[in-house]
Amino acid sequence: MPTARTGRRCVVAVDGPAGAGKSTVARAVAARLGYIYVDTGAMYRAVALLALRHRIPPDAVSQILARLDEVEIRLEPAAPGEPNRVYLDGEDVTDAIREPEVNAHVSEIARHAAVRERLVALQRAWAREGGIVMDGRDIGTVVLPDADVKVFLVADVDVRAKRRWRELLDKGHAVTLEEVRRQLIARDVQDRTRAESPLRKADDAVVIDTSDMDIPAVVDEILRLCRERTARGEAGTDKA
Ligand code: DC
């Protein structure tokens, strides 16, 4: 991963359920601050795609790990405010990891402790220099428990389902809102109830309900939290 701009740099953790607006908000915050953005969900999706392509059942963890040993997962910041581009052994899988088939399998892959361990090691290495906004499910609780700013985004389930449905329609997928809603709820239940690093608000995270907020308002609130930390001289990294 390339290094971010120099200066007093925060580590920002953005967690929450699917469709709460995490990636849009996290990308915008990173762009405004000149920080790196890391979409950790994309990494779990890349592993799910890998398993699907090799016809490995989602519960065959040792086979998944063996495949993981052979490939490199790389995230690249495309441009400020843009989604990460995701590479699996050099192949651009940015679009492939958003396919409905991956949506349907990714939670089952993400519940394996051994898979998480590998991805978390990469995530922590990328965050070492600060100047990073990372989004996921366990960033504030497990990956970066010392993050300077932790936010937990939530939104009404109908709002979240509608957001995901529109995204899929825009990409040309013929899915019904009800189908998307059902899948989203199933994924939430799985992410919240799994034994390993479940989706949970960190005790020191700030909850922001995005149901009736527009993106710029949420971004401004997070930037305010970052300024507050920096002004108090508490930001974790000052390695300019
Ligand atoms: O954010 P997303 O929808 O792209 O995430 C895909 C899946 O990966 C989702 O089911 C939860 C899982 N995930 C996770 O377990 N931990 C993370 N840090 C990020 C995502």
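Atoms within each ligand, like the ligands themselves, are counted from 1 in listed order.
Atom 18 (N) of ligand 1 has its closest protein heavy atom at D138 OD1, 2.8 Å. Nearest protein heavy-atom neighbour of atom 4 (O) of ligand 1: R45 NE, 2.6 Å. In this structure, atom 20 (C) of ligand 1 lies nearest to the protein heavy atom G41 CA, 3.5 Å. Regarding atom 19 (C) of ligand 1, its nearest protein heavy-atom neighbour is T40 OG1, 3.3 Å. Atom 8 (O) of ligand 1 has Y44 CB, 3.6 Å as its closest protein atom, hydrogens excluded (heavy atom only). Summary of contacts: the protein heavy atom closest to atom 12 (C) of ligand 1 is A110 CB, 3.8 Å. The nearest protein atom to atom 16 (N) of ligand 1, hydrogens excluded, is given as R116 NH2, 2.9 Å; this is a heavy-atom distance.
At a 4.0 Å heavy-atom cut-off, ligand 1 touches R98 through the side chain alone. Contacts with ligand 1 closer than 4.0 Å are made by no heavy atom of M43, backbone or side chain.
When the options R194, M134, E196, R137 are ranked by their closest heavy atom to atom 15 (O) of ligand 1, first place goes to R194.
For the pair V12 and C226, the tightest heavy-atom approach, listed with the atom from each and the gap, is CG2-SG, 3.7 Å. In this structure, L184 and A18 approach most closely via the heavy-atom pair CD1-O, 3.9 Å.
Atom NZ of K201 is surrounded by more than 12 heavy atoms from other residues, nucleotides or ligands within 6.0 Å.
Taking the side chain as every heavy atom from C-beta outward, D89 and E91 never approach each other to under 4.5 Å.
For a threshold of 3.5 Å applied to N or O pairs, the pair formed by R187 and ligand 1 contains at least one separation below that value. Considering backbone and side-chain atoms alike, S107 places an N or O below 3.5 Å from some N or O of ligand 1.
Numbered from 1 in the order shown, with element, the atoms of ligand 1 that lie under 4.0 Å from a heavy atom of R164 read 3 (O). Every atom of ligand 1 is numbered from 1 in the order shown, and the set under 4.0 Å from a heavy atom of D191 is 9 (C), 10 (O), 11 (C).
Judged by distance alone, the side chains of R45 and T40 never bring a donor and an acceptor atom under 3.5 Å apart. Between the side chains of D191 and S107, a donor-acceptor pair is found at a separation under 3.5 Å.
Here the CZ atom belonging to R27 is positioned 12.0 Å from the NZ atom belonging to K22, to the nearest 0.5 angstrom.
I64 and V102 end up in the same hydrophobic cluster when Ile, Leu, Val, Met, Phe, Trp and Tyr side chains are linked at under 4.5 Å.
Using a cut-off of 4.0 Å between Lys/Arg side-chain N and Asp/Glu carboxylate O, D15 and K150 are scored as not salt-bridged.
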